[in-house]
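Below: one structure, written as structure tokens.
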Amino acid sequence: MSLSLTAESHLEVGARTGSCLSVLLLEDDPLDAELIQERLEREGLSVALSRVDSGGAFTQALADHRHEIILADYNIPGFNGVTALEMARHTRPQLPFIFVSGSLGEERAIELLKLGATDYVLKDRLERLVPSVQRALRGARESAERQQAEQRLRESEERYRLAMRATRDALWDWDLKTGHITRNDGLWELFGYSAREVGFTTDWWHEVTHPEDVERVLRGLQAVFDSPEADRWEDEYRLRRKDGTYATVADRGFVVRDEHGRTIRMVGAMQDVTARRAAEAEALQRAEFAQQLIGIVSHDLRTPLGAISLSASGLVHHAGLDERNTFYARLILSSAERATRLVRDLLDFTRARLGGGIPLQRGAVELHALVRQVLREVGLNHPEREIRDHYQHAGMGLWDADRLAQVLSNLVSNALQYSPAEGPVTVSVLGEADEVLIQVHNTGDPIPAGLLARLFQPLQRGEASPDNSRRSIGLGLYIVDQIVRAHGGTVGVRTSVEEGTTFQVRLPRMPPPVPGREG
């Protein structure tokens, strides 16, 4: 083997293929460098050796972070091993540093180890070199892994501290083997208790939890402890604040078990939900009031309105009144029917907003006959208007007849209300295989684009007429949409200057299947 090494150079020695150990060698004797190279390779190490023999070259080589280990002679002309060690520990503190020297006394060797050298090997005992290198590399790797683990732990702890500061929950960590509980500052922020007052045991919790809730909560905890498959616990109970008032808390924890399934630790969070529960109770109270109001309006208001409508209808059709009194009777009838529709829409709106949807009573309905009946009733209130109807194919289906009459009445009345007096309103019913299509068309100005996108939302109205004859609360089309949806159908609208406005209702003849139920 021959080496071509020169002073103050970084010439590579050894194979560059495969997995090579990058070695920085501080050595002024080329022959000793060759012996070190040979010893390393003879015992199976593939190395890429960079030799330097001066302080300047060593300093420059340290800046190259590719080296994995330093082998250094102790005595270098114009440069010594202690200085090299100090430079290496300052620049690359984790890099293994082994002295390979011809003469190194035991006391001096111990001193160098104290200064930070990894090991030392005498040149006449080079058989120790490879084991020393392997130990040094293994130690460096373990040290690096340990430092990485410690860094990850520090980062994790920092994230935990930040999370504890970010949340307003009271976090707790309960060691069930020792009974020791660690808590964050949330108890102070939420309930006014300092860390000193709370302590590290369960005594504080027993003292401040409402006496009526303690036993129930403990039973729930014990049930989780006794269930090996359970890993979570949660409960709500009352906890006394520092000022003596009680808060409603939602407490939840994650269970940690040992290899035998025994609970050894719980980590959890306690949240003050007093305001939320109060808001929910208030909302429930409002809902109950609304339901009571629905009952009152349904019975106590609709009954007299029905009597007014019936009486006015009797006057119009049977009393033989003169023209003036007939006009007044028709006005009473029209106003009573309008008030009845208004009450009905308000009731339906309230039911829908409470989440109950529009209730249906399905039965066999012949839609053609139902449409003719609704158009006759609407026509009585608009004798001056032309209402056309058209039917094609079968109109049978399972629907709620009263609700469909409500849909038709709203759509036709809406078409009459927002179309010119001389323009006809046309109702068409087209029977298809599994559904029917109802279309209500009127001429006149199209629906404004700004209103079109929210047409089926509640409390949306078109422009009122100067005499307020078209005034409404804007629930008609919302109710239409809700009823059609309850039937499993769809409602839409087309509108343009050329074609006028057409509302289209598609209704399946049969009820849609219930999810999760066969047949």
Side-chain angles (χ1 to χ4, degrees), residues 330 334 337-338 341 344-345 358 360-447 451-452 455-456 462 470 472 476-512:
R330 287 188 180 276
S334 175
E337 290 178 346
R338 181 168 174 269
R341 289 195 303 271
R344 180 193 60 200
D345 287 350
I358 300 294
L360 298 181
Q361 297 293 327
R362 290 181 182 269
V365 176
E366 208 296 305
L367 190 57
H368 299 171
L370 180 65
V371 171
R372 292 189 181 98
Q373 176 185 342
V374 171
L375 296 185
R376 280 196 301 270
E377 293 173 356
V378 173
L380 290 175
N381 293 321
H382 300 274
E384 76 286 355
R385 296 296 300 272
E386 180 183 3
I387 303 177
R388 304 171 181 173
D389 53 339
H390 174 73
Y391 308 95
Q392 186 175 354
H393 306 305
M396 290 298 299
L398 285 178
W399 302 301
D400 186 321
D402 291 338
R403 290 298 186 181
L404 286 193
Q406 190 176 348
V407 168
L408 290 164
S409 178
N410 279 349
L411 290 178
V412 175
S413 297
N414 191 73
L416 292 168
Q417 182 175 334
Y418 292 102
S419 63
E422 66 278 5
V425 170
T426 304
V427 179
S428 301
V429 180
L430 174 61
E432 299 178 357
D434 299 319
E435 63 182 14
V436 293
L437 172 65
I438 304 171
Q439 297 187 110
V440 180
H441 173 266
N442 64 268
T443 59
D445 296 334
I447 300 172
L451 178 61
L452 195 60
L455 194 60
F456 295 101
R470 297 180 178 180
S472 71
L477 292 179
Y478 172 77
I479 300 301
V480 166
D481 181 60
Q482 292 296 310
I483 294 174
V484 172
R485 287 175 182 267
H487 280 88
T490 60
V491 58
V493 61
R494 299 194 318 265
T495 185
S496 66
V497 175
E498 297 79 14
E499 297 182 4
T501 299
T502 302
F503 283 86
Q504 293 182 319
V505 175
R506 288 190 176 274
L507 293 171
R509 294 182 185 273
M510 303 294 292

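Quick caveat: nothing in here was measured; it's all calculated off a predicted structure.
Closest of all the heavy-atom pairs between L370 and A401 is CD2-O, 3.7 Å. Scanning all heavy atoms of the two residues, the minimum distance from A415 to N442 falls at CB-OD1, 3.6 Å. Closest approach of E499 and S496 over heavy atoms only: N-OG, 3.1 Å.
At least one side-chain heavy atom of T502 sits under 4.5 Å from a side-chain heavy atom of Q504. Side-chain contact between N410 and L477 is absent, with no heavy atoms from C-beta onward closer than 4.5 Å. Using a 4.5 Å heavy-atom cutoff, the side chains of L404 and H487 are in contact. The side-chain heavy atoms of L416 and I387, taken from C-beta on, include a pair separated by under 4.5 Å. Taking the side chain as every heavy atom from C-beta outward, N414 and F503 approach each other to under 4.5 Å.
In this structure, CZ in R509 is found 9.0 Å from CG in L367, a value given to the nearest 0.5 Å. To the nearest 0.5 Å, the span separating CG on L455 from CG on D481 amounts to 9.5 Å. Expressed to the nearest 0.5 Å, how far OH of Y418 lies from OG1 of T501 amounts to 12.0 Å. Expressed to the nearest 0.5 Å, how far NE2 of H368 lies from NE2 of H390 amounts to 9.5 Å.
Using modelled atom types, one side-chain atom of S413 and one backbone atom of S409 make a donor-acceptor pair closer than 3.5 Å. Checking side-chain atoms of H382 against main-chain N and O of V378 turns up no donor-acceptor pair under 3.5 Å. No side-chain donor-acceptor contact under 3.5 Å links T443 to the backbone of G500.
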For a quick test of your reading: what N or O donor-acceptor pairs under 3.5 Å do the side chains of residues 423-437 make, sequence neighbours left out?
unit_1 : atom_1 : unit_2 : atom_2 : d
E432   : OE1    : R506   : NH1    : 3.4
E435   : OE2    : R506   : NH1    : 2.7

What donor-acceptor contacts under 3.5 angstrom involve side-chain atoms of residues 391-400, with partners at least two apart or in another chain?
unit_1 : atom_1 : unit_2 : atom_2 : d
Y391   : OH     : D389   : OD2    : 2.7
W399   : NE1    : P508   : O      : 2.8
D400   : OD1    : D402   : N      : 3.1
D400   : OD1    : R403   : N      : 3.1
D400   : OD2    : Q361   : N      : 2.6

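If you check the side chains of T490 and R485, you find no donor sitting under 3.5 Å from an acceptor.
Annotation: R372, atom CZ; neighbour count of heavy atoms from other residues, nucleotides and ligands within 6.0 Å is above 12.
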